[in-house]
Peer 1: 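Let me begin by handing over the structure; questions about it come next.
Note that the structure is a prediction, hence the values are computed from the model and not measured.
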Amino acid sequence: MEAAITILALLFVAFIALGVYATVKAVGAAKRGVDRTITQARRTVEDTTLRAKSFGQTGVAGELAQLRLALRTSMRATQDALHAGVAEDSSLAESVGLFRRLSAHGLELDDELKRLEREPDRATVAALLPQLKERTQRITHSADSLRWAARDRARQFADDDLDALNAQIDIEAGALRHWTVEEQRPQQASGAASQGPGAGAGRTHDAGVDWPEPMAGAGSSSTADESWGGPAREEAPQAITAPDPHLRTRYPWQKAARPETTN
């Protein structure tokens, strides 16, 4: 009884701990989702403000807004491309590491541009603009290089996969149309048979080889008949005559024939 109570208590504690863990994870995921939403909303507002400033304002403020907008757009596009590509291609991990280092310089430049937007001394800011433009161009050029290299790599893999797939489909299509191959084989065989004797005769005639004329009196010989593939002529039937006993070959063991006497 005590053991059953102990087991039930342990199960109750385990269920309570599991519920608390699940609640904490759910709250954390919800908080991260809210933070992500707030960050995206803030980013959208900032981008809209910068776009409005770049088109609506002139002078130093408009140029600073254009620099910030170009920097943020390039960095965000590269980040999205690399994060999407590294999930399918692990070799992009090194590129992601390089982009993180580049992002540190980009964030530093963005913060500096943001501070200069509130700087009242416009003359000093105007003097710093060439240097700021150069830094922005260097960072955006590096980010664009990483982004386009990742896209070209993904497109090359897709092209190779498509070529291999097309080759496999062609082989499968040919296997499915097996009857066309079977129909072509008899046609090729009949064509070769029809062209074979004629081609051989043509080649023999072109080579200048002529068959010799049969010799006189050889038309009745069996050798001439067999040379053309026909059966040998049958010999003329011989007359049936009784053999001469005197012309037979005598052997030692045979007795000599007695002469007939007439009385």
Side-chain angles (χ1 to χ4, degrees), residues 24-163:
V24 171
K25 295 292 289 184
V27 170
K31 184 179 180 181
R32 287 192 298 271
V34 171
D35 294 341
R36 190 181 302 110
T37 303
I38 293 174
T39 303
Q40 291 178 355
R42 186 183 297 112
R43 186 180 302 163
T44 303
V45 171
E46 290 181 357
D47 292 343
T48 305
T49 304
L50 290 174
R51 192 171 290 106
K53 287 181 178 180
S54 62
F55 288 107
Q57 294 183 359
T58 59
V60 178
E63 292 182 0
L64 290 176
Q66 291 178 2
L67 292 177
R68 288 192 64 193
L69 184 61
L71 178 64
R72 293 165 67 91
T73 302
S74 177
M75 297 297 289
R76 188 177 300 116
T78 304
Q79 180 180 4
D80 295 340
L82 292 179
H83 286 174
V86 75
E88 301 177 356
D89 188 3
S90 60
S91 61
L92 293 178
E94 185 176 358
S95 300
V96 173
L98 294 175
F99 177 74
R100 289 175 182 173
R101 296 171 57 186
L102 184 64
S103 297
H105 294 278
L107 292 174
E108 182 180 356
L109 178 59
D110 185 65
D111 292 339
E112 184 175 356
L113 293 173
K114 189 175 182 179
R115 288 194 302 268
L116 292 175
E117 286 180 350
R118 299 188 296 267
E119 179 64 38
D121 190 359
R122 295 301 179 181
T124 304
V125 176
L128 294 175
L129 275 178
Q131 181 181 0
L132 295 174
K133 289 181 180 180
E134 182 182 359
R135 289 178 59 189
T136 304
Q137 290 176 358
R138 291 175 61 186
I139 294 175
T140 55
H141 176 72
S142 298
D144 294 342
S145 298
L146 282 176
R147 182 175 68 255
W148 285 110
R151 290 178 178 176
D152 292 342
R153 181 181 179 86
R155 184 168 56 254
Q156 183 63 35
F157 285 164
D159 292 341
D160 294 342
D161 188 27
L162 181 60
D163 293 340

Peer 1: Show, in sequence, the C-alpha distance, side-chain angles and deciding distance for Asp144 and Arg147, and conclude whether the salt bridge (charged side-chain N to carboxylate O under 4.0 Å, His left out) test is met.
Peer 2: CA-CA 5 Å; Asp144 294 342; Arg147 182 175 68 255; 2.7 Å; yes
Peer 1: Picking from Leu132, Leu113, Leu64, what satisfies side-chain contact (heavy atoms from CB on, under 4.5 Å) with Val125?
Peer 2: Leu64
Peer 1: Does a sphere of radius 6.0 Å around CZ in Arg138 hold more than 12 heavy atoms from other residues, nucleotides or ligands, not counting ones at 6.0 Å or beyond?
Peer 2: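 12 or below, so no.
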Peer 1: Less than 4.5 Å apart, side chain to side chain, heavy atoms only: is that true for Ile139 and Met75?
Peer 2: yes
Peer 1: Roughly how far, to the nearest 0.5 Å, is CG of Leu109 from CZ of Arg68?
Peer 2: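 Reported to 0.5 Å precision, the distance equals 10.0 Å.
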Peer 1: Do side-chain atoms of Thr78 reach the backbone of Ala143 as a donor and acceptor pair under 3.5 angstrom?
Peer 2: yes
Peer 1: Is it true that a side-chain atom of Thr140 and a backbone atom of Gln137 form a donor plus acceptor pair closer than 3.5 Å?
Peer 2: yes
Peer 1: Please tell me if the side chains of Glu119 and Val60 come closer than 4.5 Å, counting only heavy atoms from C-beta onward.
Peer 2: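 No, side chains not in contact.
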Peer 1: Heavy atoms only: give me the nearest Arg122-Glu117 pair and the separation to one decimal.
Peer 2: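 Shortest heavy-atom separation between Arg122 and Glu117 comes out as NH2-O, 3.3 Å.
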Peer 1: Enter the distance from Glu108:CD to Arg135:CZ here, rounded to the nearest 0.5 Å.
Peer 2: 6.0 Å
Peer 1: Can you find a heavy atom in the side chain of Leu98 that is under 4.5 Å from one in the side chain of Arg101?
Peer 2: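 In contact.
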Peer 1: Do Asp152 and Gln156 pair up side chain to side chain, a donor and an acceptor below 3.5 Å, judged on atom types alone?
Peer 2: no
Peer 1: Between CG of Leu146 and CD of Glu94, what distance do you get to the nearest 0.5 Å?
Peer 2: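 Between atom CG of Leu146 and atom CD of Glu94 there are 10.5 Å.
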